[in-house]
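Being a predicted model, the structure only gives us computed values, none of them experimental. Atom set for the values below is all heavy atoms of this structure, side chains included, hydrogens, waters and symmetry mates excluded. Numbers here simply count residues along the sequence, with the first being 1.
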Amino acid sequence: MDRPQPLTRELERDLANIRSLNRRFGSYRQVRHFLRRWLRPNEKARILDVSTGSGDIPRLIVDFARRGNVSVQVDAIDQQASTIEVARRLSNDYPEIEFFCANLFAWTPSEPYDIVLCSLTLHHFSEDDAVRVLQKCREFTREHALVTDLRRSLWLSLGVYLVTATLYHEAMTKTDARLSAARAFSFAELRELARRAGWKNFGHRKFPVGRQVIWL
């Protein structure tokens, strides 16, 4: 998933699996938990979604905002052109979302965002680059940042192995999921990365299943 690749049936199937994993194993619940705290009826919010994949988190945000009478504008970035192509196709009914093929480290917004989200991405980076990601999330927001990721543990690795042996059989999904579990940061490691990135007075909490969240 980290390598540039053309749009293929295998990639589309893997992106569909990621959406399924997000829905089944807590990613959507985590994001909604914070949206309920941060978005208020009749307000407006400008939001950035980092490493958006096929855009399921931005669509979830817009669905939530529509139900709650909140006006949102979502910029969604991903460095993979083929993935952005899928995200745009799935989001035809979501004019509130604009997708960009862009690298976070080269992204230059015209003004800060009210909320910056980065979901299940940090473990794809080295420690030093993960610090840079967190610095960018803090730099680009005027109010809130939400970074969700896996939480490394033996139970997570065992659970991912079981799920990819029984429910998700595609080679790309299986490889990516198992590597992600192995590369995830522990609870203490993520806290230290946030401190290195200059985050202060941030929240940090464990979520099921094998997830953790830091926020400003």
(request) Treat each ILVMFWY residue as a node, draw an edge where side-chain heavy atoms are under 4.5 Å apart, and state whether Trp199 and Leu48 are in one component. (result) yes
(message) Among Val74, Val31, Val50, Thr141, exactly one meets side-chain contact (heavy atoms from CB on, under 4.5 Å) together with Leu117. Which residue is that?
(response) Val31
(request) Without swapping roles, check the side chain of Arg211 against the backbone of Arg151 for a donor-acceptor pair under 3.5 Å. (result) no
(request) Please confirm whether the backbone N or O of Ser119 pairs with a side-chain atom of Thr121, one donor and one acceptor, at under 3.5 Å? (result) yes
All N/O donor-acceptor pairs, side-chain side in residues 130-137, below 3.5 Å, sequence neighbours left out:
{"residue": "Arg132", "atom": "NH1", "partner": "Asp129", "partner atom": "OD1", "Å": "3.3"}

(message) Minimum heavy-atom separation for Ile214 and Ala194, please, with both atom names.
(response) CD1-CB, 4.0 Å
(request) Kindly determine whether Arg46 and Asp75 satisfy side-chain contact (heavy atoms from CB on, under 4.5 Å), including the steps that lead there. (result) CA-CA 8 Å; Arg46 189 165 177 268; Asp75 288 347; 3.9 Å; yes
(request) Grab the two heavy atoms, one from Tyr28 and one from Arg19, that are nearest each other, plus how far apart they are. (result) OH-O, 3.6 Å
(message) Measuring from atom CD1 of Ile18 to atom CZ of Arg13, what distance do you get when rounded to the nearest 0.5 angstrom?
(response) 11.5 Å
(message) Centre-to-centre under 6.0 Å for Trp215 and Phe202, is that the case here?
(response) no
(message) Please determine whether a side-chain nitrogen of the Lys or Arg among Arg196 and Asp128 lies less than 4.0 Å from a carboxylate oxygen of the Asp or Glu.
(response) yes
(message) Taking the basic N atoms (NZ, or NE/NH1/NH2) and the acidic carboxylate oxygens, is any pair closer than 4.0 Å for Arg59 and Glu96?
(response) no
(request) Kindly say whether Leu162 contributes a backbone atom to a donor-acceptor pair with the side chain of Thr166 at under 3.5 angstrom? (result) yes
(message) Main chain of Pro112, side chain of Glu139: is a donor-acceptor contact present, judged purely on distance under 3.5 Å?
(response) no
(message) Tell me whether the count of non-hydrogen atoms from other residues, nucleotides or ligands lying under 6.0 Å of OH in Tyr161 goes above 12.
(response) no
(request) Of all the heavy-atom pairs spanning Glu12 and Val86, show the shortest one and how long it is. (result) CG-CG2, 4.2 Å
(message) Is the positively charged end of Arg66 above the ring of Tyr94, judged by distance under 6.0 angstrom from the centroid and angle within 45° of the axis?
(response) yes
(message) Is it the case that the side chain of Asp78 and the backbone of Gly53 share a donor-acceptor pair, with hydrogens and angles ignored and the cut-off at 3.5 Å?
(response) yes
(message) As a quick check of understanding, evaluate side-chain hydrogen bond (donor to acceptor under 3.5 Å, both in side chains) for Thr52 and Asp49, giving each step before the final call.
(response) CA-CA 6 Å; Thr52 194; Asp49 187 51; 2.7 Å; yes
(request) Enter the distance from Thr108:OG1 to Phe140:CZ here, rounded to the nearest 0.5 Å. (result) 7.5 Å
(message) Side chains of His123 and Arg152, heavy atoms from C-beta outward: is any pair under 4.5 Å?
(response) no
(request) Identify whether NZ of Lys or CZ of Arg in Arg29 sits under 6.0 Å from the centre of the six-membered ring of Phe207 and within 45° of that ring's axis. (result) no
(message) Is it true that, when you exclude Arg37 itself, more than 12 heavy atoms of the residues, nucleotides or ligands shown sit nearer than 6.0 Å to its CZ?
(response) yes
(request) Carefully, step by step, assess Gln212 and Asp149 under the rule side-chain hydrogen bond (donor to acceptor under 3.5 Å, both in side chains). (result) CA-CA 6 Å; Gln212 60 179 323; Asp149 212 340; over 6 Å; no
(request) Of all the heavy-atom pairs spanning Leu120 and Ser27, show the shortest one and how long it is. (result) CD1-OG, 3.3 Å
(message) Could you check, using the six-membered ring where one of them is a Trp, whether His144 and Tyr113 have ring centers closer than 6.0 angstrom?
(response) no
(request) State the CD1-CZ distance between Ile97 and Arg88, to the nearest 0.5 angstrom. (result) 12.0 Å
(message) Please give me the minimum heavy-atom distance between Glu189 and Ala184, naming the atom from each residue.
(response) OE1-O, 4.4 Å
